[in-house]
Number of protein chains: 2
Amino acid sequence: MFSILNMRSIDEDVTTRARIRDAAIAAFGRRGFTASTVRDIATDAGVSPGLVIHHFGSKAALRTACDAHVLNTARASAESSNDPDRLRDVLTEYLAQPDDYARELAYIRSSVIDESAAGDAFFDAYVRLTEQILAEGVRAGTMRQVSDPLATATWMVANSLGLLVLGRHVARSLGHEEFGTGTINRIAGPAVELYTHPLYTDDSFLQATRDVVSDATTGR
Amino acid sequence: MFSILNMRSIDEDVTTRARIRDAAIAAFGRRGFTASTVRDIATDAGVSPGLVIHHFGSKAALRTACDAHVLNTARASAESSNDPDRLRDVLTEYLAQPDDYARELAYIRSSVIDESAAGDAFFDAYVRLTEQILAEGVRAGTMRQVSDPLATATWMVANSLGLLVLGRHVARSLGHEEFGTGTINRIAGPAVELYTHPLYTDDSFLQATRDVVSDATTGR
DNA sequence: GACACCACTGAACACATGTTTAGTATCTTA
DNA sequence: TAAGATACTAAACATGTGTTCAGTGGTGTC
C-alpha cells in the first residue's frame, strides 16, 4: 500500500497535486476508472475528497490528466525519433522491466481496455511504430516481407498488448504468483521462437485459411 | 436494443428468468460487471429491479448464473471430446462467426478482463486444449516441436484472447466500423502466415533474446 | 371454494457516489 | 504588516446503487 508509492519510474514530484495524480494512476490501473472512487484516491494520497476536485475539476478531468502523464509520455517517446535505427519500442521496453514500470503498465492496460481516446491513440501510434519496424527490417534484410503489413502490424500489437491485458492469466498459467519479470522471461523465448521458426511444417493450413477467407469475401 | 435479443446463438428460452439472465449477459458483456446496474438489466428485460433479485438472490449470484450459462458451456464443449482428432477450438469457432456469437464473445471478453473465477477457469482450460492441439500436431507431423510447450500454448491463447479483448482497437486500426467478420477475415491470413512463414530471416534475434533471458535468470 | 404458493410490482431503505459549499489555514506579494 | 489569493478540510447535497419489504394477482391443489 505504501511500497507501491516509491517507484523509480515516476519522477519524484512531491507537490500535493502530483501525489493525487499518482494515486489516481495507481487506482485506475488497479481497479479501472469506474470502480475507482474519488474517496479512495483521496485517502491513498492522504488528502480530502474535496481537494481532488479542487485541483482537477472532476473525476473525468483527473483521468485526462493521468492520460496526459502516462500515455502521452509513452506515445511521445515512441514517436520521438524519426531515425529508424533508433526506433524505440516503448511497450517492449516497459515489458522488459515489468517490476519497475508496474504502474505505467497497469495504467496502459486499463486505458486500452475501457473506452478512452488516449487508449485509442496509444494503440494506433503503436501500430504505426510497428509498421515502421517491419518496413525497416525488410530493408535491412532481417525480416521477411509480409503479405499485409498493416494487418500484420495490428496483429503483432494486439499480441503484445494482449500479453499485458491478460498478464494475470499468463502468470497464473505458468505457475507464477503475479505478472512480473519471471513471467516475461518465460514467455519471451517461445514468442520470438514462433516468429523465427514456423509452427506449421507446410503451407496447407495457411492455404486453407486463405481459401475460407476469400470464399467469405467474394461469393458466399 | 431489441435486435440484439433475438440471436440464433442463444437458445430460445422464453421464461422471465432466462430473459433476465440474457439481458444481464448482454449488459455485462457491453459495460462490464461493475458498470452494469440491476436497474438497467431489469429495464432491458422488461421487468422490475426487485424481480431480478427475487430470481437470482443478488447481483453477484446473477453473474455466477451468467458464467455458468456462457463460460461453462463453452469450456465444457472445449473439453468434451477426448478424441484428439475431434478437438474443437471453441473460441476459434466463435471468432470465425463473430456476428452470430457477438454476445458470447463480449461476455467472455469481460469475464477474462476483470477478476472472475469463471474467466480464470476458461483461460486455463483453453491453455490445456491448446497444449493438446500442439502435441497432436507434432504427432501428426503438421507442427514443429516447440521448446517450451506450456509457455507456447499460453502465448498462443493470449494472442487469440488478446484479439478478442482488443477487438475494438483492431477493427479501428483496419478501418472497420466495428469488430466483426470483416475484421477477422482481414486478420486471420496474416496471423496464420506468421505461424507458417517465419518473420525473422535468421536466428540472431532469437539467440539474443535467449541470451538476455538466461542472463537475467542465472546471474544478475 | 379455501389455501398455499409463486411471479411480480412499487415504494422504500441504507449506503456509496461525485460534487458543492462554507469556512480555515497557509502562502505570496506589495 | 495587510491583503488577497491559494491550499485544504469537514460537512452537506443530490443522485444512483443493491437490496428489502409489503402487497397484489394469478395458478394449481386438497
Side-chain angles (χ1 to χ4, degrees), chain A residues 1 5 11-69 107 110-111 113-118, chain B residues 1 5 11-69 107 110-111 113-118:
Chain A
M1 184 100 326
L5 283 177
D11 37 5
E12 296 293 337
D13 190 345
V14 287
T15 65
T16 303
R17 189 189 146 94
R19 236 173 47 235
I20 295 173
R21 185 202 56 209
D22 289 352
I25 290 173
F28 293 159
R30 203 177 322 124
R31 287 168 243 164
F33 177 74
T34 310
S36 300
T37 75
V38 172
R39 278 172 177 78
D40 285 348
I41 294 168
T43 302
D44 286 356
V47 128
S48 73
L51 192 62
V52 175
I53 304 296
H54 169 72
H55 274 300
F56 294 92
S58 71
K59 188 189 175 186
L62 171 59
R63 179 198 208 170
T64 306
C66 293
D67 285 344
H69 194 251
Y107 190 86
S110 73
S111 294
I113 285 176
D114 45 11
E115 311 213 1
S116 139
Chain B
M1 184 101 324
L5 283 178
D11 38 4
E12 295 293 337
D13 190 345
V14 287
T15 65
T16 303
R17 189 189 146 93
R19 236 173 47 237
I20 295 173
R21 186 203 55 208
D22 289 351
I25 290 174
F28 292 158
R30 202 177 323 122
R31 288 167 243 162
F33 178 74
T34 311
S36 300
T37 75
V38 172
R39 278 172 176 80
D40 286 348
I41 293 169
T43 302
D44 288 356
V47 125
S48 73
L51 193 61
V52 176
I53 303 295
H54 170 73
H55 274 300
F56 294 92
S58 71
K59 189 188 175 188
L62 171 60
R63 179 199 209 171
T64 305
C66 293
D67 285 344
H69 194 252
Y107 190 86
S110 74
S111 294
I113 286 175
D114 44 13
E115 310 214 1
S116 138

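Every chain is numbered from 1 and lettered A, B, ... according to where its sequence line falls, protein lines coming before strand lines.
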Spell out protein contact along nucleotides 9-27 of chain D as letters: B when the base is contacted, S when just the sugar-phosphate is, - when no protein heavy atom is under 4.0 Å; keep the 5' to 3' order.
B--B----BBBB-------

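Using modelled atom types, no side-chain atom of B:Arg21 and backbone atom of B:Cys66 make a donor-acceptor pair closer than 3.5 Å.
Within the structure, side chain to side chain donor-acceptor pair (under 3.5 Å) pairs that include any residue of residues 33-42 of chain B comprise B:Arg31-B:Asp40, B:Thr37-B:Asp40 (at least two apart or interchain). Listed by first and then second residue, the salt bridge (charged side-chain N to carboxylate O under 4.0 Å, His left out) pairs that reach into residues 51-67 of chain B are B:Arg63-B:Asp114, sequence neighbours excluded.
Partners of A:Thr64 under the side chain to side chain contact (heavy atoms under 4.5 Å, CB included) rule, at least two apart in sequence or in another chain, do not exist in this structure. In this view, A:Leu51 and A:Thr16, A:Ile20, A:Val47, A:Ser48, A:His54, A:His55 satisfy the side chain to side chain contact (heavy atoms under 4.5 Å, CB included) rule, not counting sequence neighbours. Every residue two or more places apart in sequence or in another chain that forms a ring pair (Phe, Tyr, Trp, His ring centres under 6.0 Å) with B:Phe28 is listed here: B:Phe33.
For DNA chain C, the contact window with chain B, defined by any atom under 4.0 Å from a protein heavy atom, covers C:dA7 to C:dA12 in 5' to 3' order.
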Step by step, would you call A:Arg17 with A:Phe56 a side chain to side chain contact (heavy atoms under 4.5 Å, CB included)?
CA-CA 9 Å; A:Arg17 189 189 146 94; A:Phe56 294 92; 3.6 Å; yes

